[in-house]
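Chain letters run A, B, ... following the sequence lines, proteins first and then strands; every chain starts at 1. Note that the coordinates shown come from a computational prediction; the quantities given were computed from them, not determined experimentally.
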There are 2 protein chains.
Amino acid sequence: MQNIRKISDSTIRRLSLYYRALSNSEKDGYFTVSSQDLAKKERLTPAQVRKDLSFFGSFGTRGLGYPVKELKEKIGSILGLNRSWNVALIGVGNLGSALASYKEFQKQGFHIKLLFDNDPKKIGSSIDGIPILDIKQIGTQLKQNKIDLVIMTLPGHTAQGVAEEVVRAGVKAILNFAPVSLKVPEDVFLRNENMAIELEYLSFCLKNRNNPGKHA
Amino acid sequence: MQNIRKISDSTIRRLSLYYRALSNSEKDGYFTVSSQDLAKKERLTPAQVRKDLSFFGSFGTRGLGYPVKELKEKIGSILGLNRSWNVALIGVGNLGSALASYKEFQKQGFHIKLLFDNDPKKIGSSIDGIPILDIKQIGTQLKQNKIDLVIMTLPGHTAQGVAEEVVRAGVKAILNFAPVSLKVPEDVFLRNENMAIELEYLSFCLKNRNNPGKHA
DNA sequence: TATATATTGTGAAAAATATCACATATGCAA
DNA sequence: TTGCATATGTGATATTTTTCACAATATATA
């Protein structure tokens, strides 16, 4: 157990993997799971799993493993999934609407309360009961609805300007899907979801599949 | 310059970032860019940028920087974006349709040729001219259309079975959006796109924002 | 031509991350 | 109760990744 600030990005990201694996194990009716099991599911090593967990406490029983339900809840609480977050989504295009109606987020406590767009045809309508508001109202609406986190699914060239409005409204966490890197103040947490990266990674792998040698 | 097999995941992923940043710089009319510029755009260090690039050659000019267009093309060629890949997408739900009509992939050489679903209402129709086929035809269609890469956007419980069919059809690269970890043979490249991870990461950050101390 | 300034490319050093290996603790069977 | 099998938790070690620091090389200017 150590200072929480010193826990690495990678460990936190793996906690998400463990959480998902445990949810599945729970559904499948398992009561305990070993570091070995978890490792195999997520293509990691057992030592890695144990080390990651040990940063936050000791949740297992020697000789037995980890209690599935309990560990899942513990990790959920570490990640802050045991509470609810107010989320707004900006940019109701194809991807935006898809995310707005994605039920998994809801289940994990991410409640999408507001949608924003600049298209008059969309403004005033709703998706799964979530109203689509005028993007001009971002400032007041984000504050009024105590939004904790904003998901941005809008075109690259508009993203930076909107991000600045979001920051001005006091939001401290942004998940960005727009294909640009945003500049935000230090106290705002920003993560970029770049779907091209994984695709390009696969392209790289395919290209170099039969090439164990040097690269020009 | 070193053996290409030894280049780290992180470096490859950063190449994607550089590629995107360079595309933007090119659009903005820049002819050269320094490692410092690139670093600032992507929140990295200049040394990191130079080191990453140095694994593949030396593309810059001392005292000047890197030629934007040339470096972009060079990185594109390293990532395999200078050629075209045949892509199929399985699972035409909300996310699937959003990705099917996402033009950026097309631009980078990822040509979505086929869509698959098991819903009779969808089979036979098309999205942006891409036909939606019966998921039962995966085996023959993937081979016939020489599909290089498959994007899976289907429910978790069906994913593993479908992945196995995809592998049997000889596809060597899978981008998985289903919320499970798939088991595939060693010679198949698999990447998981897990949108919950980034959201959960932000949740963790928000939760521990004012907590520099120990964690229970 | 000489001098000042900018910026790369890269070994070496530092820092971060992952793995090892084993003492420790548990369950079960005889 | 003893012995065996299993599996955690964690310091120590190994590996990987990042950063440093500087020689090398370019441009600009006088």
Chi angles and distances behind the side-chain contact (heavy atoms from CB on, under 4.5 Å) call for Ile12(B), Ile78(B): CA-CA 9 Å; Ile12(B) 304 303; Ile78(B) 291 166; 5.7 Å; no
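Remark: side-chain polar atoms of Asp117(B) are paired, donor with acceptor, to backbone N or O of Val92(B) under 3.5 angstrom. Between the side chain of Ser25(B) and the backbone N or O of Ala21(B), at least one donor-acceptor pair lies under 3.5 Å.
Checking dA18(C), dT10(C), dT8(D) against the side-chain heavy atoms of Arg14(A) singles out dA18(C) as nearest. The side chain of Tyr66(B) approaches dG9(C) more closely than any other nucleotide in the set dT17(C), dG9(C), dT18(D). Checked against dA18(C), dT19(C), dT18(D), the side chain of Ser10(A) finds its nearest nucleotide in dA18(C). Nearest nucleotide to the Ser54(A) side chain, out of dA7(D), dT19(D), dG9(D): dG9(D). The Ser58(A) side chain lies nearest to dG9(D) when the options are dG9(D), dT7(C), dT18(D). In the set dT19(D), dA18(C), dA26(D), dA26(D) carries the atom at the smallest distance from any side-chain atom of Thr61(B).
For the pair Ile12(B) CD1 and dT18(D) C1', the interatomic distance rounds to 16 Å; values are reported in whole Å. Atom CG in Leu64(B) sits roughly 15 Å away from atom C1' in dA24(D) (whole-Å rounding). Across the protein-nucleic acid pair, Leu53(A) atom CG and dG9(D) atom P stand 8 Å apart, rounded to whole Å. Between the CG atom of Asp37(A) and the C1' atom of dT8(D) there is a distance of 13 Å, rounded to whole Å. Rounding to whole angstrom units, CZ of residue Arg50(A) and C1' of dT17(C) are separated by 16 Å. dA14(C) atom P lies 19 Å from atom CD of Gln48(B), rounded to whole Å. Atom C1' of nucleotide dT6(D) and atom CD of Gln36(A) are separated by 11 Å, given to the nearest angstrom. Between the P atom of dG9(C) and the CZ atom of Phe56(B) lies a distance of 14 Å, rounded to the nearest Å.
With hydrogens and angles ignored, no donor-acceptor pair under 3.5 angstrom links the side chain of Arg62(A) to the base of dT26(C).
Looking at Ser34(A) and Asp37(A), their side chains do bring a donor and an acceptor atom within 3.5 Å of each other.
The phosphate of dT8(D) (OP1 or OP2) has a side-chain N or O of Ser35(A) nearer than 4.0 angstrom.
Ion pairing between Lys107(B) and Glu104(B) holds under the 4.0 Å rule for side-chain N and carboxylate O. Between Glu73(A) and Lys69(A), at least one side-chain N (NZ, or NE/NH1/NH2) sits under 4.0 Å from a carboxylate O, which counts as a salt bridge. Salt-bridge check for Glu200(A) with Arg13(B): failed, with every basic side-chain N at 4.0 Å or more from each acidic carboxylate O.
Between the axis at the start and the axis at the end of the helix from dT1(C)-dA30(D) to dA30(C)-dT1(D) there is an angle of 10°, using five pairs per end and rounding to 10 degrees.
Mapped onto DNA chain D by nearest heavy atom, Pro46(A) and Ala47(B) fall at different nucleotides, with Pro46(A) at the one closer to the 5' end.
A side chain to side chain contact (heavy atoms under 4.5 Å, CB included) with Ile90(A) is found for exactly one of Leu114(A), Ile151(A), Thr158(A), Val166(A), namely Val166(A).
Within 4.0 Å of Thr11(B), counting heavy atoms only, lies no atom of the nucleic acid at all.
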